[in-house]
Amino acid sequence: MASDMNPAFAYTVVYSEDVAKSVAFYNKAFGYDVRRLDESHRWAELDSGQTTIAFTPLHQHETDNRSGQVHRTPHTTGERPPIEVCFVYSDVDAAYKRAVENGAIAVSQPEDREWGQRVGYVRDIDGNVVRMGSYVAKPTKQD
């Protein structure tokens, strides 16, 4: 019975100004294939492995009245939304360069971090922060 209480993580939903434009951006900037873009352009999905990255408009009658309206909280460039999308690449520098060349806003170029990961940050076309990192290195044995 305990296994019924261990859900699989299925979706991350990104609210966007223009769903079709956002999925096209993620396709070019980050390399994800578009799995689905419905005819109404109110829902889209990217092939991203075990989970799905989905896109939907900021406001829609299906959810605004049930769970509340989405509000963009950042008001300045020094602020960010309360969520971060993270992608792992074997070559962070090349991925970062491709993202910026395809419309991502550069935030912080890739650098090696003390926990053994190379990490860079960009913003997508809706202002969401996207962390681009390498796999975290395995700890080394110290005598």
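Every heavy atom of this structure was used, including side-chain atoms; hydrogens, water molecules and symmetry mates were not.
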Participant: side-chain contact (heavy atoms from CB on, under 4.5 Å) between L37 and H41: does it pass, once the steps are laid out?
Facilitator: CA-CA 6 Å; L37 173 60; H41 288 196; 3.8 Å; yes
Participant: Has the side chain of D126 got a donor or acceptor atom that lies under 3.5 Å from a matching backbone atom of N128?
Facilitator: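 No, the answer is negative, given that no donor and acceptor are paired below the 3.5 Å cut-off.
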Participant: Decide side-chain contact (heavy atoms from CB on, under 4.5 Å) for D93 and R118; before the verdict, give the C-alpha distance in whole Å, the side-chain angles of both, and the deciding distance to 0.1 Å.
Facilitator: CA-CA 9 Å; D93 293 273; R118 187 155 183 81; 2.7 Å; yes
Participant: Report yes if some heavy atom in the side chain of Q109 is under 4.5 Å from a heavy atom in the side chain of E111; otherwise report no.
Facilitator: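 Counting from C-beta outward, Q109 and E111 never come under 4.5 Å.
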Participant: If you measure from OG on S22 to OH on Y15, what distance do you get to the nearest 0.5 Å?
Facilitator: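 Answer rounded to 0.5 Å: 13.5 Å.
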Participant: Consider only side-chain heavy atoms of I, L, V, M, F, W and Y, link residues closer than 4.5 Å, and tell whether V122 and V129 are in one cluster.
Facilitator: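 V122 does not cluster with V129.
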Participant: Do you know which two heavy atoms are closest between A44 and V23, and how far apart they sit?
Facilitator: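 The pair with the smallest heavy-atom distance is CB-CG1, 3.3 Å.
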Participant: Report the C-alpha separation of V19 and R42 in whole Å, then their side-chain angles, then the decisive distance to 0.1 Å, and conclude whether the side-chain contact (heavy atoms from CB on, under 4.5 Å) test is met.
Facilitator: CA-CA 6 Å; V19 170; R42 291 187 354 218; 5.7 Å; no
Participant: I'd like to know if I125 and Y96 are part of one continuous hydrophobic network [Ile/Leu/Val/Met/Phe/Trp/Tyr, side-chain heavy atoms within less than 4.5 Å].
Facilitator: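 Yes, because Y96 and I125 connect within a single hydrophobic cluster, where side-chain heavy atoms sit under 4.5 Å apart.
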Participant: May I have the step-by-step check of side-chain contact (heavy atoms from CB on, under 4.5 Å) for R98 and M132, ending in yes or no?
Facilitator: CA-CA 11 Å; R98 178 182 64 192; M132 304 174 76; over 6 Å; no
Participant: V130 and V119: same hydrophobic cluster, using ILVMFWY side-chain contacts below 4.5 Å?
Facilitator: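 Per the 4.5 Å side-chain linkage, V130 and V119 are not co-clustered.
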Participant: Would you name the heavy atoms of A104 and F25 that are closest together and state the gap between them?
Facilitator: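 Closest pair (atom of A104, atom of F25, distance): N-CE1, 3.4 Å.
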Participant: Might you point out which heavy atoms bring G133 and V92 nearest each other, and give the distance in Å?
Facilitator: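 It is C-CG2, 3.3 Å.
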Participant: Return the minimal non-hydrogen interatomic distance between A106 and V100, and the atom names on each side.
Facilitator: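 That closest heavy-atom pairing would be CB-CG2, 4.1 Å.
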Participant: Checking side-chain hydrogen bond (donor to acceptor under 3.5 Å, both in side chains) against T52, which of R35, R36, E45 comes through?
Facilitator: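 Only match with T52 under side-chain hydrogen bond (donor to acceptor under 3.5 Å, both in side chains): R35.
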Participant: Over 60° means perpendicular and under 30° means parallel, so classify the ring planes of F87 and Y89, tilted if in between.
Facilitator: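 Because their plane-to-plane angle is over 60°, the rings of Y89 and F87 count as perpendicular.
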Participant: If we check ring-ring contact (aromatic ring centres under 6.0 Å, His included) with F55, which of these qualifies: Y26, Y32, W43?
Facilitator: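 Per the ring-ring contact (aromatic ring centres under 6.0 Å, His included) rule, the option paired with F55 is Y26, out of Y26, Y32, W43.
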Participant: Are I105 and V14 grouped together when hydrophobic residues (ILVMFWY) are joined by side-chain heavy atoms under 4.5 angstrom apart?
Facilitator: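 Cluster IDs for I105 and V14 differ.
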Participant: Can you tell me how far CZ of F30 sits from CD1 of I53, rounded to the nearest 0.5 angstrom?
Facilitator: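 Reported to 0.5 Å precision, the distance equals 9.0 Å.
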Participant: Counting only heavy atoms not in E39, do more than 12 sit closer than 6.0 Å to its CD atom?
Facilitator: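 No, CD of E39 has 12 or fewer neighbouring heavy atoms, counting only those of other groups under 6.0 Å.
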Participant: Identify whether W115 and Y121 are in the same connected component of the hydrophobic contact network (ILVMFWY, side-chain heavy atoms under 4.5 Å).
Facilitator: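 Per the 4.5 Å side-chain linkage, W115 and Y121 are co-clustered.
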